[in-house]
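Reading through the structure tokens given below for one structure.
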Amino acid sequence: MSALAQALAAEEAILSTGLILQELLQGFSGPTARDQILDRFAALPLLVPDRQDHVAAAELRNLARRNGIQIGTIDALLAQLCLRHDLTMLTTDGDFHNIAPLCELKLWPSPHRS
């Protein structure tokens with residue numbers, strides 16, 4: 001069973017952001033895919049970053065860079081939202097696994113990692 005399916009089965013709160021929704025919509029083409037994404041995301045509450053989240057995300061990105069780790073602006077903001085709201089991130093993106101030790105980012109165990 002996938003990590004997301006497990007969380008849903010356990011009735012855990014699942015949150016997303018407009019950033020994730022936008023990235024998904026940009027990655028698929030056609031009205032059917034668009035409608036399916038919008039339909040599935042309609043039930044998810046969206047976290048909205050505020051000014052302090054952007055400041056903290058920039059600091060996180062700078063910290064990562066000082067430690068030889070490259071992380072994108074959006075990834076830093078997503079990590080910051082998880083840190084601020086004490087959330088566990090579900091991701092397959094290795095960049096988050098690289099920065100997690102620097103900032104105590106909690107990551108859902110990946111089946112591809114030990």
Would Glu23 and Ile74 satisfy side chain to side chain contact (heavy atoms under 4.5 Å, CB included), going step by step from the backbone distance to the final call? CA-CA 10 Å; Glu23 284 191 344; Ile74 289 176; 3.9 Å; yes

Worked check of side chain to side chain contact (heavy atoms under 4.5 Å, CB included) between Ile69 and Leu63: CA-CA 9 Å; Ile69 300 168; Leu63 173 65; over 6 Å; no

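Residues Leu83 and Cys103 approach most closely at CD2-O, 3.1 Å, considering heavy atoms. Residue Gly72 comes nearest to Arg61 through the heavy atom pair C-NE, 3.8 Å, listed as atom of the first residue, atom of the second, then distance. Closest non-hydrogen pair, Ala57 versus Ala76, comes out as O-CB, 3.5 Å. Closest non-hydrogen pair, Ala33 versus Phe28, comes out as CB-CB, 3.8 Å. Nearest heavy-atom pair, Thr91 versus His97, reported as atom, atom and distance to 0.1 Å: O-NE2, 4.1 Å.
By the rule that hydrophobic residues join a cluster once side-chain heavy atoms approach within less than 4.5 Å of another member, Leu15 and Leu38 end up as members of separate clusters.
With sequence neighbours left out, Leu46 forms a side chain to side chain contact (heavy atoms under 4.5 Å, CB included) with Ser16.
With rounding to the nearest 0.5 angstrom, the CG atom of Leu47 is 11.0 Å from the CD atom of Gln80. Atom CG of Leu19 and atom CG of Leu24 lie 11.0 Å apart (nearest 0.5 Å). In this structure, CD in Glu104 is found 10.5 Å from CG in Leu102, a value given to the nearest 0.5 Å. Here the straight-line distance linking atom OG1 of Thr92 with atom CH2 of Trp108 works out to 14.5 Å at 0.5 Å rounding. Going from atom CD of Gln70 over to atom CG of Asp75 covers 12.0 Å, rounded to the nearest 0.5 Å. Here the CG atom belonging to Leu107 is positioned 8.0 Å from the OG1 atom belonging to Thr88, to the nearest 0.5 angstrom.
Inter-residue side-chain proximity for Val48 and Asp53 is flagged as unmet; no heavy-atom pair is nearer than 4.5 Å. For the pair Leu81/Leu87, no side-chain contact is recorded, criterion being any heavy-atom separation below 4.5 Å from C-beta on. Side chains of Leu78 and Ile20 form a contact here, defined as non-hydrogen atoms less than 4.5 Å apart. Using a 4.5 Å cut-off on side-chain heavy atoms (C-beta onward), Leu77 and Leu60 make no contact.
Atom CD of Gln26 has more than 12 heavy atoms from other residues, nucleotides or ligands within 6.0 Å.
Between the Asn62 side chain and the Ala58 main chain, a donor and an acceptor come within less than 3.5 Å of each other.
A salt bridge links Asp86 with Lys106; the closest basic N to acidic carboxylate O contact falls under 4.0 Å.
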